[in-house]
Amino acid sequence: MYQKITPPTTGEKVTFKNGEPIVPNNPIIPFIRGDGTGIDLWPATEKVLDAAIAASYGGQRQISWFKVYAGDEACELYGTYQYLPEDTTTAIREYGVAIKGPLTTPIGGGIRSLNVALRQIHDLYACVRPCKYYTGTPSPHKTPEKLDVIIYRENTEDIYLGIEWRQGTEIAEKLIHFLNTELIPATPEHGKKQIRLDSGIGIKPISKTGSQRLVRRAIFQALRLPKNKQMVTLVHKGNIMKYTEGAFRDWGYELTTTEFRNECVTERESWILGNKEKNPDLSLEDNAKMIEPGYDSLTPEKKAEICQEVEGVLNAIWETHGEGKWKEKIMVNDRIADSIFQQIQTRPDEYSILATMNLNGDYLSDAAAAMVGGLGMGPGANIGDECAIFEATHGTAPKHAGLDRVNPGSLILSGVMMLEYMGWQEAADLIKKGLSGAIANQEVTYDLARLMEPPVAPLKCSEFADAIIKHFDD
Ligand SMILES: NC(=O)C1=CN([C@@H]2O[C@H](COP(=O)(O)OP(=O)(O)OC[C@H]3O[C@@H](n4cnc5c(N)ncnc54)[C@H](OP(=O)(O)O)[C@@H]3O)[C@@H](O)[C@H]2O)C=CC1
Ligand SMILES: O=C(O)CCC(=O)C(=O)O
Ligand SMILES: [Mg+2]
């Protein structure tokens, strides 16, 4: 079955039922070491995960690690340009749950991202990146403890589908000509717009299917959170990209008000209900004026539309959501992407789950991680219905590679997410305890050490792993 790898002789496969993993006590878990700092991060992570599992289950549970290859290491074993061998994708498909270090992607040419390829090949449509503060972690932000968000990023489409054409190629020129002469003139709203002939072209597909399955997962996650965190914010740039990013928002709301009608309320619905609760005699039009700034200067048609919206909401959900019942539901709202970058800094505690498209989520997850201590503390998971791959938010950080200095917290916490996904909560909790203990004791790697006041001497990557294990016993 495999060309150059051999699965461990002991252990069993993780299987899936209705999108949930069924995990044996001795699962075989494929891992990719990763390029760059992967060489430092992986051994530290494996050591901490194994120690926590041993301490929590006394031999009743253990992972049989299965080394598989991608990136530079794969080329060394499989030959030139064999960045993602079939052995690797077969093993991940076969064993269901995997973990990986970062992989390099060249800029402006060369191979397409292996990280993105793995997500697309295995249809891992939800990239889940929690950004949560661990007490004592130094942060550039004044109140980092107020940020506790989980980014749910669509992981398979958007510009990451990689359908683009380089400037000057025959197809790019043909496409521009076709757009300029046929499609743009045939679309009145585009007027006399033209694409410059020396442009590169990229395609940004955002589907209803991809958007709704991501938002569905985000809402299911919200249902598992404490009441005060049951919020989902749809992040988009729909004012500018109306039919891709704007559609993402609309499809999110459509799902909210159909599949999750009983569990959710939208922010706009909550205003309509709240206005009527404060003033039961409020007319439909006065309610419409209160939810729509600038109502008075709208066209009669638009005014009628908003009045209809108010009436529709009251007719549809006053019984089930009115008289304050909506306050017990999951709040679904939306924010424009640029605004959410400032909102998480100025009003961090007002957000919980941020559901995003691929590119926005990529940007936002690095920014949010920075607020709670940096990329060294940013874990992540790529989740599908029959497979999951856990990996940190950051990349290969090449300038630090092989120096045993980067923070393995990000990959270790990705391992914690994996343990939680597997239902091994005791081991996950033990690692979080050890990590918190090490940070509180100022035993940290360079990235956190330099932010501490006064700065402390940094531990090596491997020493930080040992410190986490030591603090299991706190
Ligand atoms: N999923 C993946 O595998 C990803 C891969 N990549 C790829 O990684 C490569 C390098 O990308 P680059 O733009 O440098 O971004 P990186 O995320 O690799 O690194 C940027 C900076 O973040 C900080 N950092 C990253 N990881 C850690 C860590 N574990 N501990 C402490 N600090 C850390 C370092 O900052 P400082 O030096 O200031 O301390 C580092 O220089 C590219 O090829 C990119 O495509 C990028 C993102 C994700
Ligand atoms: O694949 C890459 O090189 C970058 C991916 C990335 O930045 C991410 O997934 O956050
Ligand atoms: Mg990124």
Side-chain angles (χ1 to χ4, degrees), residues 31-45 70-73 83-84 98-121 124-129 131 137-140 151-162 356-370 372-383 389-415 435 439 444-451 455 458-462 464-465:
F31 72 94
I32 294 168
R33 184 201 71 187
D35 297 328
T37 47
I39 201 167
D40 309 299
L41 297 165
W42 176 252
T45 300
D72 295 342
E73 251 199 330
Y83 286 99
L84 188 56
I99 184 165
K100 66 176 276 293
L103 295 165
T104 307
T105 314
I107 299 168
I111 56 160
R112 296 241 164 227
S113 165
L114 304 170
N115 309 301
V116 171
L118 281 164
R119 299 166 195 167
Q120 290 171 349
I121 288 167
L124 307 174
Y125 59 87
C127 177
V128 183
R129 292 180 167 174
C131 297
T137 312
S139 156
I151 294 168
Y152 267 71
R153 163 188 175 193
E154 200 292 321
N155 219 13
T156 59
E157 50 184 34
D158 200 343
I159 52 167
Y160 290 68
L161 205 54
T356 78
M357 281 155 286
N358 214 335
L359 179 61
N360 291 334
D362 194 352
Y363 294 156
L364 196 57
S365 49
D366 271 38
V372 291
L375 283 172
M377 296 296 287
N382 304 290
I383 311 276
I389 304 180
F390 294 80
E391 66 175 334
T393 292
H394 63 69
T396 56
K399 70 179 173 189
H400 302 292
L403 300 177
D404 194 17
R405 74 187 299 251
V406 280
N407 186 350
S410 49
L411 193 55
I412 290 171
L413 285 170
S414 306
L435 182 75
I439 293 172
V444 292
T445 44
Y446 85 95
D447 51 326
L448 303 184
R450 71 184 170 190
L451 286 174
L459 296 190
K460 291 178 181 172
C461 174
S462 53
F464 186 50

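Both counts, for ligands and for their atoms, begin at 1 and track the order of listing.
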Report summary line: Checking heavy atoms under 4.0 Å, the part of Ser113 that sits near ligand 1 is neither

Query - For Ser365 against Cys131, the heavy-atom pair lying closest together - result: O-SG, 4.3 Å

Query raised in the report: What residue and atom, counting heavy atoms only, is the protein's closest point to atom 18 (O) of ligand 1, and at what distance?
Result: Ala397 N, 2.7 Å

Query raised in the report: What do we get for Arg129 next to ligand 2 when only non-hydrogen atoms under 4.0 Å count, side chain, backbone, both or neither?
Result: side chain

Query raised in the report: Please state which protein non-hydrogen atom is closest to atom 43 (O) of ligand 1 and give its distance, to 0.1 Å?
Result: Thr105 N, 2.9 Å

Requested in this report: Establish, yes or no, whether the cationic atom of Arg153 lies under 6.0 Å from the six-membered ring centre of Tyr160 and within 45° of the ring axis.
Outcome: yes

Requested in this report: Using a cut-off of 2.8 Å, find all protein N, O or S atoms closer to the Mg ion (ligand 3) than that distance.
Outcome: Asp362 OD1

Query raised in the report: What residue and heavy atom of the protein are closest to atom 41 (O) of ligand 1, and at what distance?
Result: Lys399 CE, 3.6 Å

Query raised in the report: Without hydrogens or angle criteria, can the side chains of Thr396 and Asp35 be said to hold a donor-acceptor pair below 3.5 Å?
Result: no

Report summary line: Of Ile32, Asn115, Leu118, the one forming a side-chain contact (heavy atoms from CB on, under 4.5 Å) with Glu391 is Asn115

Query - Criterion side chain to side chain contact (heavy atoms under 4.5 Å, CB included) on Thr393 and Leu375, from CA distance to verdict - result: CA-CA 7 Å; Thr393 292; Leu375 283 172; 3.9 Å; yes

Requested in this report: Using distance alone, decide if ligand 1 has a nitrogen or oxygen within less than 3.5 Å of any nitrogen or oxygen in Leu375.
Outcome: no

Query - Polar contact flag for Gly395 and ligand 1 (N/O pairs, less than 3.5 Å) - result: yes

Query raised in the report: Is the number of heavy atoms from other residues, nucleotides or ligands within 6.0 Å of CG (Leu124) greater than 12?
Result: yes

Query raised in the report: Is ligand 1 less than 4.0 angstrom away from at least one heavy atom of Gly374?
Result: no

Report summary line: Check: of His394, Glu391, Lys100, min heavy-atom distance to atom 26 (N) of ligand 1 comes from His394

Query raised in the report: Is Leu103 in polar range of ligand 1, meaning some N or O pair under 3.5 Å apart?
Result: yes

Requested in this report: Quick one: look at Arg112 and ligand 2, take heavy-atom pairs under 4.0 Å, and tell me if it's side chain, backbone, both or neither.
Outcome: neither

Query raised in the report: For Gly378 and Ala369, which heavy atoms make the closest approach, and how far apart are they?
Result: CA-CB, 4.4 Å

Query raised in the report: From Ile439 CD1 over to Phe464 CZ, what is the distance, rounded to the nearest 0.5 angstrom?
Result: 5.0 Å

Report summary line: Looking only at protein heavy atoms, what sits closest to atom 34 (C) of ligand 1 is Tyr446 OH, 3.8 Å

Report summary line: In this structure, atom 10 (C) of ligand 1 is nearest to the protein heavy atom Thr396 OG1, 3.4 Å

Report summary line: Output for pair (Leu413 CG, Met377 CE), nearest 0.5 Å, gives 5.5 Å

Query raised in the report: Looking only at heavy atoms of Arg119, does any of them come nearer than 4.0 Å to an atom of ligand 2?
Result: yes

Query raised in the report: What atoms of ligand 1 come closer than 4.0 angstrom to any heavy atom of Pro102?
Result: 3 (O)

**Report entry** N or O contact, Thr104 vs ligand 1, cut-off under 3.5 Å
**Finding:** no

Query raised in the report: Is the side chain of Ser414 donor-acceptor paired with the backbone N or O of Gly380 at a distance under 3.5 Å, no angle test?
Result: yes

Requested in this report: Provide the closest heavy-atom pair for Pro408 versus Thr445 in the form atom of the first, atom of the second, distance.
Outcome: CD-CG2, 4.1 Å

Query raised in the report: For ligand 1, is any non-hydrogen atom under 4.0 Å from Arg450's backbone (N, CA, C, O), its side chain (CB onward), both, or neither?
Result: side chain

Query raised in the report: Between OH of Tyr446 and CZ of Arg405, what distance do you get to the nearest 0.5 Å?
Result: 5.5 Å

Requested in this report: Output the distance between atom OG1 (Thr105) and atom CG (Leu114), rounded to the nearest 0.5 Å.
Outcome: 6.0 Å

Query raised in the report: Looking at atom 12 (P) of ligand 1, is any protein heavy atom nearer than 4.0 Å to it?
Result: no

Query raised in the report: What heavy-atom pair brings Pro102 and Leu41 nearest, and what distance separates the two atoms?
Result: CD-CD1, 4.2 Å

**Report entry** Protein heavy-atom partner closest to atom 1 (O) of ligand 2 - residue, atom, separation in Å
**Finding:** Ser113 OG, 2.5 Å

Requested in this report: Using atom types as modelled and distance alone, determine if a side-chain donor or acceptor of Asp40 lies under 3.5 Å from a backbone N or O of Gly402.
Outcome: yes

**Report entry** Heavy-atom nearest neighbour in the protein, as seen from atom 14 (O) of ligand 1, with distance rounded to 0.1 Å
**Finding:** Pro398 CD, 3.9 Å

Report task. Record the part of Arg119 in heavy-atom contact with ligand 1 below 4.0 Å; permitted values are side chain, backbone, both and neither. Result -> side chain

Query - N or O contact, Thr393 vs ligand 1, cut-off under 3.5 Å - result: no

**Report entry** For ligand 1, the portion of Asp447 having any non-hydrogen atom under 4.0 Å away
**Finding:** side chain

**Report entry** Trace of the side chain to side chain contact (heavy atoms under 4.5 Å, CB included) decision for Thr356 with Arg129
**Finding:** CA-CA 11 Å; Thr356 78; Arg129 292 180 167 174; over 6 Å; no

Query raised in the report: Nearest heavy atom to atom 4 (C) of ligand 2: which of Asn115, Thr104, Leu103 does it belong to?
Result: Asn115

**Report entry** Heavy-atom nearest neighbour in the protein, as seen from atom 29 (N) of ligand 1, with distance rounded to 0.1 Å
**Finding:** Asn407 O, 2.9 Å

**Report entry** Minimum-distance protein heavy atom relative to atom 3 (O) of ligand 2
**Finding:** Thr105 OG1, 2.5 Å

Requested in this report: First locate atom CG of Asn358, then atom SG of Cys127, and finally report the distance between them rounded to the nearest 0.5 Å.
Outcome: 8.0 Å

Report summary line: CD (Gln120) and OG (Ser113) are apart, to the nearest 0.5 Å, by 8.5 Å

Requested in this report: Show your working on side chain to side chain contact (heavy atoms under 4.5 Å, CB included) between Leu84 and Leu103 and close with a plain yes or no.
Outcome: CA-CA 11 Å; Leu84 188 56; Leu103 295 165; 6.0 Å; no

